[in-house]
Amino acid sequence: MAFSISRRGLLTGTAAGVGLGFVGSAMAAEPQQKINISRTAARSDKPNVILIVTDTTRRDHIGAYGNSWMRTPSLDHLASQSLRFTRAVPEAMPTVPARRSIHSGMRTFPFRDWEKRSGNKSGVWGWQHIPDDQPTLAEQLSGAGYTTMLVSDVPHTFKPSMNFARGFKVMQWIRGQEGDDYMPIWMADDRFLDRYMYQTAGGKDLTSKGDNLMLANELRQYLANNVDRDGEEDYLAARVFRTASRMVENVPPEEPFFLAIDSFDPHEPWDAPRHYADYYDDPDWNEPEPVSPRYGKSDYLTERQLKRMRALYAGEITMVDRWIGYFLERAEQTGLLDNTLVIMTSDHGMALGEHGALGKPSFALWPEMTDTPFFIRHPDGKRAGEAMDYFASTHDIAPTILAFAGVTPKTELDGTNLMPTLDGEMPEDPREHFTSGMNDYVWASDRKFTLIAKNDGTEARLYDIVADPEQMNEIAAENPDEVKRLYDLVVKDAGGAPLPHYDQG
């Protein structure tokens, strides 16, 4: 089944029936490498796999999930060719725990025998490397004859101590994201820092104190990393997907491949070319741009600043969507997608003031943080355009890909194989509920209620998600039995109390 966003659709921005004239402008100027179509004539009989992970991507900011004002034509089109999961939640958050479960197929929190699994007796768990005794997805596919490739700009995945590179024959680290000490910080032109907001709403300069100083230094490092950036093709998301395109266009024809693309965007700072945010907001905005949130309460921003921040985030997603479309369209031109499984997901979302929270504070496990996209595109078009409310999660990706590739896992995995869903069947694990967590907070949900609480069960917040899907009406005090029932599910999944403290690192 071809990925059929036309070249003209990409250039004019009319893919999936959505007008995006400004989005396609830089694409027209992007030099197009000629694809060697003759290389597609004798592909391996084994199927290929492409895994796309984008960071910090809210499900409710994708058109295919019902958003009428966001412009995500590439993801919408991918969804039209995929089985779309409407109740996907990361098994743990944030960045590293989610990716650990993606690459290992194992839960990171909560789970049984957590001290034994972690090798960590300190009582702290979470932001840790993939344990040495857990085979990675790439290792197992490599052992089955796959060319395994990783393209990413997520700094954490390239730290040798984290074990994410295990099994990949080809790796490309796109340098320069937030948290990557890539270039000397003094290379930043601080005049550009004035474009960004890192002060309180009242304008009092707090750059010498606490979070504001850290935020200013992070922005300064980011500016230094990207000092030579010129056009949109130099932005990190564009570089990630352009590099991935070159890889699939030149993969050896006699070998099947597994390509993992891990884009840190739309992670902050949200500094996509100005026209992206302006589409979602007043183009006459002339104040410093709130490109990076201070994690916690959102009340340090004015309503106007918060509106602009939301526009910046939306614009970043639209930019990432465009480069996902670029990659998929190039892959389609090679003929590879006719024999390739494509999975797309994210590690978590982002709070933008909906519950008075901003960023990714661990207490904010509302839908804006927990609800993520999850698509499976089968090359035979199975269940294309359909939706399913199964609790699909990050640790299901490895067993699903291994099953598709016909590779038996080396060890028993915590995740479940989702391939039966493409044939209209349920996976072995029925999942009438699901549990997740971040730092010292836990989350549990069935199809009626959702619970957010501290690891010890205190500070419980309960929501009737049928009557109140946006979780604005907290009802824990009126429903103590439901609070206890859901918290007991968390403890059961974890193998018993006390629960480990889940440290971010």
Side-chain angles (χ1 to χ4, degrees), residues 1-11 15-16 23-24 27 30-54 64 72-83 138 141 146-153 168-172 174 233 237-263 265 319-345 373 375-382 384 397 401 404-405:
M1 182 176 64
F3 188 87
S4 57
I5 289 183
S6 69
R7 182 72 185 152
R8 182 175 183 274
L10 280 170
L11 291 175
V23 174
M27 184 72 77
E30 165 72 0
Q32 299 300 315
Q33 174 184 346
K34 184 177 180 181
I35 298 174
N36 188 349
I37 301 297
S38 64
R39 295 179 62 83
T40 69
R43 291 291 178 187
S44 167
D45 291 335
K46 286 187 176 181
N48 308 305
V49 178
I50 294 172
L51 170 63
I52 300 173
V53 180
T54 59
T72 53
S74 300
L75 288 174
D76 296 346
H77 193 73
L78 178 61
S80 74
Q81 299 185 339
S82 304
L83 176 59
L141 289 175
Y146 275 73
T147 296
T148 51
M149 303 175 287
L150 171 64
V151 182
S152 177
D153 62 341
F168 285 105
K169 296 178 180 178
V170 177
M171 295 177 290
Q172 181 66 52
I174 308 299
E233 66 275 8
R239 292 171 59 197
V240 166
F241 287 102
R242 289 169 64 216
T243 300
S245 296
R246 290 194 295 272
M247 284 189 175
V248 297
E249 290 164 5
N250 292 283
V251 68
E254 67 277 6
E255 297 182 21
F257 70 85
F258 166 53
L259 171 62
I261 308 170
D262 196 345
S263 171
D265 288 326
M319 181 182 73
V320 172
D321 176 86
R322 207 198 101 206
W323 289 101
I324 290 174
Y326 171 90
F327 165 77
L328 289 172
E329 192 251 354
R330 300 289 285 179
E332 191 276 331
Q333 288 181 359
T334 69
L336 291 171
L337 294 188
D338 294 339
N339 191 35
T340 299
L341 185 80
V342 179
I343 295 180
M344 183 273 165
T345 193
F375 304 145
I376 302 180
R377 178 195 180 276
H378 194 279
D380 294 336
K382 293 182 177 182
I397 289 174
I401 290 175
F404 175 76

Under a 3.5 Å threshold, yes or no: a donor from one side chain and an acceptor from the other, between Thr147 and Glu255? yes
Rounded to the nearest 0.5 Å, how far does CG of Leu336 lie from CG of Leu328? 11.5 Å
Between Val342 and Phe375, is any pair of side-chain heavy atoms under 4.5 Å apart? no
Rounded to the nearest 0.5 Å, how far does CD1 of Ile401 lie from CG of Leu341? 6.5 Å
Supply the atom-to-atom distance Met171 CE to Ser152 OG, rounded to the nearest 0.5 angstrom. 11.5 Å
If you look at every heavy atom in Ala237 and Ser263, which pair is closest and at what distance? CB-OG, 4.3 Å
In terms of relative ring orientation, are Phe404 and His378 parallel, tilted or perpendicular, with 30° and 60° separating the classes? perpendicular
Do the non-hydrogen side-chain atoms of Tyr326 and Arg322 ever get within less than 4.5 Å of each other? no
Using the side chain to side chain contact (heavy atoms under 4.5 Å, CB included) definition, which of the options Leu141, Thr148, Ile50, Val49 pairs with Phe257? Ile50
Taking side chain as C-beta onward, heavy atoms only, is Lys46 less than 4.5 Å from Tyr146? yes
Mind checking side chain to side chain donor-acceptor pair (under 3.5 Å) for Thr340 and listing every partner two or more places apart, or none if nothing turns up? Asn48
Of all heavy-atom pairs between Ser245 and Phe241, which one has the smallest distance, and what is that distance? OG-O, 2.8 Å
Look up atom CD1 in Ile261 and atom CD1 in Ile52, then write down how far apart they are to the nearest 0.5 Å. 5.0 Å
One should read off an interatomic distance between Arg239 CZ and Asp265 CG, to the nearest 0.5 angstrom, of 11.5 Å
Run the side chain to side chain donor-acceptor pair (under 3.5 Å) test against Thr345 and tell me which residues pass, sequence neighbours left out. none
Do Phe327 and Val151 pass the side-chain contact (heavy atoms from CB on, under 4.5 Å) test, and can you show the C-alpha distance, the side-chain angles, and the key distance before you say yes or no? CA-CA 12 Å; Phe327 165 77; Val151 182; over 6 Å; no
I'd like to know if the side chain of Ser74 reaches the main chain of Asp321, judged simply by a donor and an acceptor atom lying under 3.5 Å from each other, with no hydrogens or angles considered. yes
Residues in side chain to side chain contact (heavy atoms under 4.5 Å, CB included) contact with Ala64, at least two apart in sequence or another chain: Ile62, Asp76, Ala79, Arg84
Which residues share a salt bridge (Lys or Arg N to Asp or Glu O under 4.0 Å) with Asp262, sequence neighbours left out: Arg99
Restricting to non-hydrogen atoms, name the atom on Ala331 and the atom on Thr334 that form the minimum distance, rounded to 0.1 Å. O-OG1, 2.6 Å
With rounding to the nearest 0.5 angstrom, report the CD1 to CE distance, Ile376 to Met344. 13.0 Å
Is the backbone N or O of Glu233 less than 3.5 Å from a side-chain atom of Arg242, with the two atoms forming a donor-acceptor pair by type? yes
